[in-house]
Amino acid sequence: MAEIHLKSLAHSYMKNPNGDSDYAIREMDHIWEDGGAYALLGPSGCGKSTLLNIISGLLEPSEGQVLFDGVEVNHIPPEDRNIAQVFQFPVIYDSMTVYDNLAFPLRNMKVPEVRVTSRVNEIAEALELTDVLKKKASNLSPDEKQKISMGRGLVRSDVSAILFDEPLTVIDPHLKWKLRRKLKQIHEQFDITMIYVTHDQLEASTFAEKIAVMYGGQIVQFGTPRELFERPNHAFVGYFIGSPGMNIIEVERCDKGVRFNSTDVPLEQSLKSLLDSLTSSNVKLGIRPEFIHVWEKKTEGAFECNLDYVEDLGTYKILTLNLDGEAIKVRLDEDRAIPTGKIYISFPEQWLKIYVDEYLIEADVTPVNDSSEVKL
Ligand SMILES: Nc1ncnc2c1ncn2[C@@H]1O[C@H](COP(=O)(O)OP(=O)(O)OP(=O)(O)O)[C@@H](O)[C@H]1O
């Protein structure tokens, strides 16, 4: 196992890059600690596969270093890096039995057959493949095939890390959840560093202890699911995490705090002072739909809105409100009645976030309580 350190790492597919937009990975420093279960989450094209391929050695970075336990591996080929990679589509030998598929990486390394047998049986049991060990791989379902791919990564005891590149893409939705749980169990059992690439926040948060959110070739936040939800460091994280994502409104400074159209939103004094000390005019207000208070009557500090429409999603409802020309999403529990007539909303101070040049600014930093699970 190994700690994976990406040091001043950047990658451009171009020979002579000229500016940020020519880079698939913009300069980053990041450490994946030994034995962690991580997700790399981000939209299509943000650089996830490029980063994974750099770690596995399929791609050499154009700048910076990849260090395994402090040793640079930039020029070490994938087969000598002790990294297993599981791709979207299962990489297995269809004509071989499941047993021979799992044994293949060990036999390649000339591991004695007795040890091959015990390791293959151990991995097959962990992945619930014992009953199909003698079957030809070609006769199996896509999820069983993907489990063989995972097993081929796990079977080598010298593996430093397993990288999963959207491994559940070809799996039926009802089996995805089962396989994710299995992966989590496997991580606990074998204690291997795992990095799981996905663009699906639910997959990321059910698998990973910590999630790296990528956007535009950079890791914009690395944190627990709760940290990403309660304190998005970057406006993109606010928008991308949560269903629906954070309400993000472009604002300008005013006497009390910030303003959009003719609506003034007061800010707590220390936050306002911090905002006033910065010069950028790229200022945004963020508030999660879950944290907005809904009132049925005019209430001090609450804003009057019109209800545009309601989506009933069973366990909760999403209201789309019009607040002074801005569409604001509010999430209400199923047992809350939808107010009729005018609706009044307020933004509790602790959940009101201010972003300057897309990054969160905070006057008082209180730690996020990570003891309970977060629902995304
Ligand atoms: N071989 C390549 N040559 C040139 N540009 C590439 C190559 N591979 C990827 N890119 C570009 O690099 C950027 C990052 O791509 P990458 O595939 O790493 O993103 P991703 O987050 O994995 O996306 P997806 O989820 O769609 O696979 C994109 O702009 C992409 O077009």
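Note that this is a predicted model, so its numbers are computed, not measured. Atoms within a ligand are numbered from 1 in the order they appear, just like the ligands themselves.
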Next item on the list: Verify side-chain contact (heavy atoms from CB on, under 4.5 Å) between Val213 and Asn233, making sure each step is shown before the conclusion.
Entry: CA-CA 10 Å; Val213 182; Asn233 244 344; over 6 Å; no

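- Side-chain contact between Ile92 and Gln146 is absent, with no heavy atoms from C-beta onward closer than 4.5 Å.
- Taking the ring pair (Phe, Tyr, Trp, His ring centres under 6.0 Å) definition, one finds that Tyr93 meets it with Phe104, sequence neighbours left out.
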For a distance cut-off of 3.5 Å, show me each N or O of ligand 1 paired with any protein N or O, plus the separation.
| unit_1 | atom_1 | unit_2 | atom_2 | d |
| --- | --- | --- | --- | --- |
| ligand 1 | 8 (N) | Tyr13 | OH | 3.4 |
| ligand 1 | 18 (O) | Thr50 | N | 2.9 |
| ligand 1 | 18 (O) | Thr50 | OG1 | 2.5 |
| ligand 1 | 19 (O) | Gly47 | N | 3.2 |
| ligand 1 | 21 (O) | Gly45 | N | 3.4 |
| ligand 1 | 21 (O) | Cys46 | N | 3.1 |
| ligand 1 | 21 (O) | Gly47 | N | 3.1 |
| ligand 1 | 21 (O) | Lys48 | N | 3.0 |
| ligand 1 | 21 (O) | Lys48 | NZ | 3.0 |
| ligand 1 | 22 (O) | Ser49 | N | 2.8 |
| ligand 1 | 22 (O) | Ser49 | OG | 2.8 |
| ligand 1 | 23 (O) | Gly45 | N | 2.7 |
| ligand 1 | 25 (O) | Lys48 | NZ | 3.0 |
| ligand 1 | 26 (O) | Ser44 | OG | 2.6 |

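- Contact of the Val283 side chain with the Phe260 side chain is not registered, since no non-hydrogen atoms from C-beta on lie closer than 4.5 Å.
- Between Arg119 and Glu122 there is a salt bridge, since at least one side-chain N of the basic residue sits less than 4.0 Å from a carboxylate O of the acidic one.
- Between the CG atom in Leu129 and the NZ atom in Lys135 there is a gap of 11.0 Å [rounded to 0.5 Å].
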